[in-house]
Amino acid sequence: MIINTTGEIIDGFFMLGHPGVPVYLMDGDNPALFDAGFSCLGELYVQEVKNILGTRQPKFCFLSHSHFDHCGAVSTFKKYFPNIKIVSSIQAEKVFQRPNAIALIKQLNKASESMVQDSIISGGEANEFLQFDVDLTVKEGDLLKISDGISVNIIETPGHTRDCLSYYIPEKKILLSSEAFGIQDPTGYIYSDFLVDYDIYYTSMKKMVPLDTRVVCSGHGLVFTDKDAADYKQNSLSACKRFFKLVKKILAEEKGAVEKVKNRIKKIEYDGKPGFKQPESAYLLNLEARINVVKKRA
Ligand SMILES: [Zn+2]
């Protein structure tokens, strides 16, 4: 099954907020959140967490990487859930300590409010991104037993960013891969978002293919279950190879002129596409990085 709406996915595991910028909740003795979406949706995530947990509170928030749309609501979580422990990679923790990174995360969160206007619950202080401290850093191979029958296995999956982590819950066969695999749009097209390095990105995906997965949660838009989960992993690998070849071909045709390549690729994978999309400015910035990754390797 391919799920594109919020709600319970399998027993005790939920997608919250907005499918475009989801927060996931794994219930248990110590409930855990995964990622923190947009700042402006903080109140919505919190309300949905409360609807499920009642007076209980989440004990962990596992962050996948330091991009603005995955850490936006951390300060809102800390305000409502004062004992929550924020978990990230060591590299992401370093990013969250840099004033210029914080300024950019704040600015991009502000700029994204118009994209999800209908989902915003209330304005005010909680809607602004605030700097936060990471409480626990984790690394490849760590296994955190968080509840009876629920542990979180840490998988380092760089390539989209250097600080990307994926999380695997072996008892439930749930993989939270965020943007380590491609992002599939409503037409089935998969964006291969290797902003750092093609080979590192591909290797990270390959590392996760053999995992026994009943559920694979992507960072934006969709959750895949059972056979669709297995297909999504394989499709991400082939989409990545295909995109690399396409960019390489267009780069050759345009004699390495990145601006021209950008225009042609944008027509193929962004213009006229339905559904929730990242803002054009963010898309173009990322596209340039992806083209440069291909250029460097080719
Ligand atoms: Zn990202």
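Side-chain atoms are counted along with the backbone in the values below, which use heavy atoms only and exclude waters and symmetry mates. Indexing begins at 1, ligand by ligand and atom by atom, following the structure's order.
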Closer than 4.0 angstrom, basic N to acidic O: yes or no for Glu253 and Lys260? no

Salt bridge check: are Asp163 and Lys94 linked by an N-O gap of less than 4.0 Å? no

Parallel, tilted or perpendicular, as decided by the 30° and 60° cut-offs, for the rings of Phe244 and Tyr198: tilted

Sequence neighbours excluded, the answer for salt bridge (Lys or Arg N to Asp or Glu O under 4.0 Å) partners of Asp27 is Arg56

Within less than 2.8 Å of the Zn ion (ligand 1), the count of protein N, O or S atoms comes to 4

Please verify the inter-ring angle class for Phe38 with Phe276; under 30° counts as parallel, over 60° as perpendicular, anything in between as tilted. tilted

Considering only NZ, NE, NH1 and NH2 on the basic side and carboxylate oxygens on the acidic side, decide whether Lys139 and Glu156 come within less than 4.0 Å. no

